[in-house]
Every structure is written in structure tokens, then in C-alpha cells.
2 protein chains.
Amino acid sequence: MNQPPDIARELRRAYLFADMSEPHLQSLINSLQDIRLDAGKTLFRQGQAAERFYFVHEGLVKLFRLSPEGDEKIIEIMRPGETFAEAVMFMGNQRRYPVNAEAINASRVYAFEQKVFLNLLRESNEATFGLLGSMSRRLHMLVNQIESLTLQNATYRLVAYLLEQIPRDVKTSPEVQLTTPKGVIASRLAIQPETLSRILGKLRQGGLIEVHGNHITIRDVQALRDTAHIPPPE
Amino acid sequence: MNQPPDIARELRRAYLFADMSEPHLQSLINSLQDIRLDAGKTLFRQGQAAERFYFVHEGLVKLFRLSPEGDEKIIEIMRPGETFAEAVMFMGNQRRYPVNAEAINASRVYAFEQKVFLNLLRESNEATFGLLGSMSRRLHMLVNQIESLTLQNATYRLVAYLLEQIPRDVKTSPEVQLTTPKGVIASRLAIQPETLSRILGKLRQGGLIEVHGNHITIRDVQALRDTAHIPPPE
DNA sequence: CCAAGGCATTGACCTTGGTCAACCGGGCCC
DNA sequence: GGGCCCGGTTGACCAAGGTCAATGCCTTGG
């Protein structure tokens, strides 16, 4: 069990742990489990009893629902430095995961026991406020998602997604490297892979973007925003 | 300022207040504002600075987003005994309401100052855990909503809504009294009023329900579940 | 080096639900 | 009582995006 000294610093990237006292964080680190997942491996399934929550160390984990027909809707894609399934702890008696979780890539996640964490919350207010912040952010994200699913169309969602992927502080012809297969993005945006492909084609024909496999060059950010009627940031 | 003695009992119906100590609850009650809203009156708008959260005493309040074109999507309809906008308190520096809130009926809501409540949270763990429970439930509700928007069709959503409206412990030919105008239900389900009307017509023709204005008689619960492929409860 | 499987693309077609317009009926106000 | 307004219904039409099928391409493995 090698313990690199900066794992505390890594965990603090998550809102959940950001303001936690050093001793508390250390006691959590001592009890965490380091889990390796091959690509496509299931971490947990919807309906299973929830006893742990997770932090992504590396890789990508998708949280998704399945329809009875087997169609998949990705609710969220968890990236390194993010925690997930921590809200389930407060769902009352029947604590069950409300979604499925599966590794997209080969991944490593840290697992924390609910019991340990709950005990810690009971004696630490900063920790609790960190959790409240995490949950509040997730609520906001879900409301935004509902809005874009109901009040906006597929092109809007894809364009908004692309614009979100632009690294900060870039002004001219930004480059976007898709971090997941296009099919995964399609599910996240609630469209079919065929439709995703067609919309990208349309944008390419319009001279707004260039597509080379996973790599997309945005030729005209403003025009792209305009086609989807997205107001400028801020 | 008449203060009925059982306002504490009323507040305890909300998860947020359920397990709060009596003195804490009393101090909140002393600082609340009782707000009367006419039907259609706006309580707050998306983007406004958030300084208070609310408890519905009577009436119905809709939380909704607007598209640039003016289309409306109701995210949630708040009923007596429920709290809303309490999660906004933890969104960091820029605390702004993420949705609009407007009274559907003539309503009365109690308003609580964030500052007062936050001070109380800092010294009370039961209160904080009540809040975590509220937020956790709301997260779950939103995930369910996303699932039914993306993996299910309009008929499913309407049927699921109707089945939710059936009072507990009723077995035969349940009666459902719609608590809001049909247009409001349509927006909540993310369909057009015309479509809602047509789906009800289809179900009526199929002999599954009877519609008399706001009052709906469900003739065959099982068949209704089957048309939408909804598994039996539990 | 070739075969196989997975992802992406493209085309043809179809379905769901949205749009637009007309109409109905009840409550309300003058 | 008459006009009107609002919520709801109905019909005709339309369009966005889903479905199904064929094909290409790239990776992987024998």
C-alpha cells in the first residue's frame, strides 16, 4: 500500500473535500480503497444497495440509466478530481444507487465507506458544507440539463457541449479534443449517434468547424454560438 | 401578526425541518415572513440574487425555466408542506436563483432569510442533515425526470403522472382530481397542451380512463400501466 | 497480411409530437 | 343578455430526429 504524500492535495480538488481539516482528510485517506477498473467494467448498478461513494483518480466513469428496451442515457460523465454517489447517503432508509456506473476507459477510483464519512460529518461542519456545495452544484447541472432537453434542440445541445469543451482563456480558432467516443457524447446529449454525425456534418459544411476524427477545430466561435442562439459567456 | 401555535408542526412536514430542535425551529419561526401571492404573481426570477428560501403554506408555486422564445418548462410544482430554493444557499459566491418562481393559485408562502438559517446550520447537525435529505431527494427527482424525458415518450410521462396522482391505498377505479390546469401539467411533462389533450383522448377511446373536466376516473389501472410499459409499484 | 469487430458515416424512410388555425364552452364583466 | 376572454379540443399539416440498412475505416489479433 504505497501512499503518495499528495493524495490529500488531489482529493481537495473536489468541492466535497476542499475545506476539510487535515486530520479528517487523513483519516478518510487511511480508510479509502483504491479500485482499478478496465474499460467497460461496471462499478455499480442502479438499485444496488449503496454503501460507498467514489472519487475519480484517473479515467472516465459514466453514470447512466437504461430503458427497458436497453437504450442508455448518460446522466453525467465523471472526470478525474470529481466525486459521485455521495448524495445517495441521505436518501433515507433504502439507500440504493439511482443510476448505473461504468468505466469508459481503464480507470482508477477511490472508494469511501459511507459509515466512516457520516461519522466524520457529524463532528465536522466544514465537511458538511463541502458536501452541500457539491450537491447544490449537481442540482444546478441537472436543471440545466432538463432545460436543454426540453427547451432546446439537438444542434443547440451539441454546440453548447462543444463550447464547454473549449479550454479557458483561448480566443482564436480553439481546438477541441473529444475525450470520449462520439457515441458516448451522443448518449450524454440524448441524441442518436447518427444524428450527432449529421449535425457535425452540417456544421462542417457551414464552415463553422473542422472535424478530424476526435479532434475538432472551431473556425468561428461567434457564428457557432449564433446558429444555436447561445448568448456569449457571462 | 397572529401566530397559531401549530406552525411548528406545519413546518415539520418538510424534511428540511422535520428533525430540527424545538428552540431552533422557534427562532426560525420568529424570523419568517408570511407572503401572500395572487394567482400568477411572480415570487422571484431566474438570475436574481437569492437571499431567501421558501415554504409553501397554501396554494401552488411553479418553478420554471423560459427559453429565449418564451416557451416555458416547469421543473417542479411546489405544494403545501414543501420547501424550495434552499439549495441555492450553497452555490458559492454568486447566489442567484436558477429558475423562476410564480404562484399558480392564490398562495401563501413563508420566507426565511438565508443568513439566519445558515447561522443555525453551523450550530446544529440535525438541521443540516435535514437539508441534506431534502437536496438528495430533489436530485433523485431530477434524475427521474431526465430519464423520462429522454428514454420515454409523452404517453409514458402522462400515464406515470396520472398514476402518481392516485391517492395511496386505493385499489379499484381510482379517481384523480387534477390540481392544476391542464396547460400547467403539459409544461411539467414537457409536452404541448394539444398533445396532452390528444393523449387523454386516446386513453379515453381505449376505455382506460374517463375524463370529466379536471376529474379523471381510471377504469383499468393495470391496462394503463401496460400501455406505457410501467412496472407495478415496488 | 488478412480477417473481424467496433465505431462512425451516409442514405432512405418513418414516426412522434409540434405548429397553426379554427372552434367550443363556460365564466365574467359591462 | 351579449360579448369576450381563456382554457381546452380537434383537425390538417410539418419537421426534427429516430430507425434501419449498407458501407467505410481503423484497430487488433491470429
Side-chain angles (χ1 to χ4, degrees), chain A residues 38-40 60 62 67 69-74 102 104-106 148-159 161-162 177-205 209-216 227-229, chain B residues 38-40 60 62 67 69-74 104-106 148-162 177-205 209-216 227-229:
Chain A
D38 293 334
L60 293 171
K62 64 180 179 184
S67 76
E69 295 79 37
D71 296 331
E72 167 182 314
K73 167 63 172 92
I74 295 179
E102 183 183 309
I104 296 177
N105 301 332
S148 74
L149 287 171
T150 55
L151 296 177
Q152 313 289 164
N153 63 19
T155 302
Y156 174 99
R157 296 204 292 280
L158 176 53
V159 168
Y161 180 85
L162 288 179
Q177 188 67 35
L178 302 180
T179 51
T180 71
K182 286 179 185 158
V184 170
I185 295 172
S187 169
R188 174 54 246 285
L189 301 177
I191 56 185
Q192 298 308 115
E194 294 94 325
T195 304
L196 176 65
S197 190
R198 280 188 254 269
I199 295 174
L200 282 180
K202 206 182 53 187
L203 296 175
R204 185 162 32 73
Q205 273 182 271
I209 62 175
E210 278 173 33
V211 183
H212 303 103
N214 285 337
H215 189 87
I216 294 179
T227 47
H229 310 113
Chain B
D38 293 334
L60 294 171
K62 64 179 179 184
S67 76
E69 294 79 37
D71 296 332
E72 167 181 313
K73 167 62 173 90
I74 296 179
I104 296 176
N105 301 331
S148 75
L149 287 170
T150 55
L151 296 177
Q152 312 290 162
N153 61 21
T155 301
Y156 174 98
R157 296 204 292 278
L158 176 53
V159 168
Y161 181 85
L162 288 179
Q177 188 67 35
L178 301 180
T179 51
T180 70
K182 288 181 184 155
V184 170
I185 295 173
S187 169
R188 172 56 246 284
L189 302 177
I191 57 185
Q192 298 308 116
E194 293 95 324
T195 304
L196 176 66
S197 190
R198 279 189 255 268
I199 295 174
L200 281 179
K202 205 182 52 188
L203 296 176
R204 184 162 33 73
Q205 271 182 272
I209 62 175
E210 277 173 34
V211 183
H212 303 103
N214 285 339
H215 188 86
I216 294 179
T227 46
H229 310 111

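Chain identifiers are assigned alphabetically (A, B, ...) following the order of the sequence lines, protein sequences preceding nucleic acid strands; residue numbering begins at 1 within each chain. Small disclaimer: the values here were computed from a predicted structure and weren't measured.
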Among the candidates [options], find the nucleotide nearest to the side-chain atoms of [X].
X	options	result
B/Lys182	D/dG18, C/dG18, D/dG8	D/dG8
B/Arg204	D/dT10, D/dG17, C/dT9	D/dT10
A/Ser197	D/dG18, C/dG18, C/dT9	C/dT9

Nearest whole angstrom, please: distance from the [atom2] of [N] to the [atom1] of [X].
X	N	atom1	atom2	result
B/Gln205	D/dT9	CD	P	13 Å
B/Leu196	D/dG8	CG	P	8 Å
B/Arg157	C/dT16	CZ	P	14 Å
A/Ile199	C/dG11	CD1	C1'	17 Å
B/Leu151	C/dT16	CG	P	17 Å
B/Leu189	C/dG17	CG	P	12 Å
A/His212	D/dC26	NE2	P	13 Å
B/Gln152	C/dG17	CD	P	11 Å

### Donor on one side chain, acceptor on other, A/Thr180 and A/Lys62, under 3.5 Å
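Result is no, nothing qualifies.
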
### Query
Quick one: which of B/Ile209, B/Ile199, B/Leu203 gives a side-chain contact (heavy atoms from CB on, under 4.5 Å) with B/Val159?
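Output: one option passes, namely B/Leu203.
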
### Message
Just so I know, are the side chains of B/Leu200 and B/Ile216 near enough to count as touching, which here means a heavy-atom distance under 4.5 Å?
### Response
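SC-SC contact between B/Leu200 and B/Ile216 confirmed.
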
### Task
Would you mind reporting whether B/Lys182 and B/Val211 have side-chain heavy atoms less than 4.5 Å apart?
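Answer yes - side chains close enough.
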
#### Entry: Phosphate-side-chain proximity, B/Thr195 and C/dG18, N/O vs OP1/OP2 below 4.0 Å
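Answer is yes, contact under 4.0 Å.
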
### Task
Give one of base, sugar-phosphate or nothing for A/Pro193, where a contact means two heavy atoms less than 4.0 Å apart.
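A/Pro193: no heavy atom of the nucleic acid under 4.0 Å.
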
### Message
Test your reading of the model: is there a side-chain donor-acceptor pair from B/Ser187 to the backbone of B/Glu72, 3.5 Å cut-off?
### Response
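A pair under 3.5 Å: yes.
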
### Message
If you go through the side-chain atoms of B/Glu194, does one of them form a donor-acceptor pair with the base of C/dC20 closer than 3.5 Å?
### Response
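Indeed, a donor on one side and an acceptor on the other fall under 3.5 Å apart.
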
### Query
Do B/Arg198 and D/dG8 share a donor-acceptor pair, side chain to base, under 3.5 Å?
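No pair found.
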
### Query
5'-most contact on DNA chain D: A/Ala190 or B/Val211, nearest heavy atom basis?
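In this pair, the answer is B/Val211.
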
